[in-house]
Amino acid sequence: VPMPGLERLWVASLETKIVVAICALFPVASWFVIGIKWWQFRRLNRQADRFFNAMERSTRLQDAYQGVMKLPPSPYQRLFREALHFYDELRPGALRSEQPRETLTPTQLEALKMVLGKEVAAERDLLGHYIPWLATIGSVSPLLGLLGTTIGIINAFTGIATKGSGNLPAVAPGVAEALVATFAGLAAAIPAVIAYNLYVNRVRLF
């Protein structure tokens, strides 16, 4: 009697069971990362809206600083604070004056860009944490599925050699194992690859 794919695993070889078990763990890990990053990017969007709303309501840097510092911590807040602290070190008291007219020289402006570039890189690395795991899962899962497929094909040929016939009962068990392993590998890889490409683009937009 033909057996469904899941029941087929109970009588599959030990090697196939190990491959499928690993492939079954990968989706759990990838969906965990996908959920964490989705929540993180959603929170980042809310933080961006609050930050830019506070900026739009301000007409002076000092007012903008006071308004932004009242917001919950965010990458935007940290970058803005770093920029103003650097500006205040170069032009002491400029932010506290009613109408600051102090401007930065080209050299100081380049130094400010370097400081903020370093901060942006640090925030980007923090935001991209765990995302490489999705790429690893997306690239390794098909290879594990291919390994299971190879094992299944070997078992199919072994069945042919054992029974001395190439009929369906001798070949089908090994082919079934091969297809189950391939399915498990692709099921783990496809969501991980899609999420990886999506989140990498989100980090670039940040």
Side-chain angles (χ1 to χ4, degrees), residues 4-6 8-9 12-13 15-56 68 71-83 110 112-154 174-206:
L6 292 179
R8 176 67 231 170
L9 290 176
S13 63
E15 296 84 357
T16 301
K17 290 180 180 179
I18 293 175
V19 170
V20 174
I22 296 175
C23 289
L25 291 176
F26 280 171
V28 176
S30 64
W31 280 108
F32 178 74
V33 174
I34 289 171
I36 288 179
K37 302 311 292 185
W38 175 83
W39 175 81
Q40 187 177 7
F41 281 114
R42 185 180 179 185
R43 184 184 63 176
L44 186 67
N45 288 335
R46 293 197 299 265
Q47 291 172 344
D49 292 338
R50 289 194 291 263
F51 173 81
F52 288 111
N53 287 336
M55 293 290 290
E56 291 175 356
V68 168
L71 300 176
S74 70
Y76 303 98
Q77 183 196 64
R78 290 190 290 270
L79 290 171
F80 185 66
R81 180 182 59 195
E82 187 68 24
E110 288 299 321
L112 175 61
K113 290 181 180 180
M114 292 178 60
V115 170
L116 291 185
K118 180 180 178 181
E119 294 296 326
V120 168
E123 294 291 345
R124 186 185 294 114
D125 291 341
L126 185 62
L127 191 62
H129 199 48
Y130 296 126
I131 291 180
W133 281 101
L134 297 175
T136 302
I137 293 173
S139 60
V140 172
S141 295
L143 297 179
L144 281 175
L146 179 60
L147 176 61
T149 302
T150 304
I151 294 173
I153 297 299
I154 292 174
V175 174
E177 292 180 19
L179 294 178
V180 169
T182 303
F183 171 79
L186 292 177
I190 292 174
V193 172
I194 293 175
Y196 173 78
N197 292 327
L198 177 64
Y199 289 153
V200 165
N201 290 330
R202 295 293 297 274
V203 172
R204 291 174 182 170
L205 288 176
F206 165 76

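- Considering CG of L44 and NZ of K37, their distance stands at 9.5 Å, rounded to 0.5 Å.
- Between G145 and C23 the shortest heavy-atom distance is N-SG, 4.3 Å.
- The neighbour count for F41 CZ, taken as heavy atoms of other residues, nucleotides or ligands under 6.0 Å away, is above 12.
- Across L134 and A195, no two heavy atoms sit closer than the pair CD1-CB, 3.9 Å.
- Counting heavy atoms from C-beta outward, R46 and S74 have side chains that stay 4.5 Å or more apart.
- Rounding to the nearest 0.5 angstrom, the gap separating the OG1 atom in T136 from the CD1 atom in I131 is 12.0 Å.
- The only member of F80, F52, Y76 that meets side-chain contact (heavy atoms from CB on, under 4.5 Å) when paired with V68 is F80.
- Of all heavy-atom pairs spanning V193 and G138, the tightest one is CG2-CA, 3.7 Å.
- Here ring pair (Phe, Tyr, Trp, His ring centres under 6.0 Å) pairs that include residues 114-141, with residues two or more places apart or in two chains, number zero.
- The number of heavy-atom neighbours closer than 6.0 Å to OH of Y196, taken from other residues, nucleotides and ligands shown, is 12 or below.
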Report, one line per pair, each donor and acceptor closer than 3.5 Å where one atom sits in a side chain of residues 112-128; sequence neighbours left out.
from	atom 1	to	atom 2	distance (Å)
E123	OE1	R78	NH2	3.0
E123	OE2	R78	NE	2.7
E123	OE2	R78	NH2	3.4

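- Rounded to the nearest 0.5 angstrom, T182 OG1 and L147 CG are separated by 10.5 Å.
- Across all their heavy atoms, A192 and A188 have their closest contact at CB-O, 3.7 Å.
- Separating the CG atom in L146 from the CG atom in L144 is a distance of 9.5 Å, to the nearest 0.5 Å.
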Output side-chain donor-acceptor pairs under 3.5 Å for residues 198-206, partner residues at least two apart or in another chain, one line each.
from	atom 1	to	atom 2	distance (Å)
Y199	OH	I34	O	2.8
Y199	OH	W38	N	3.3
N201	ND2	N197	O	3.1

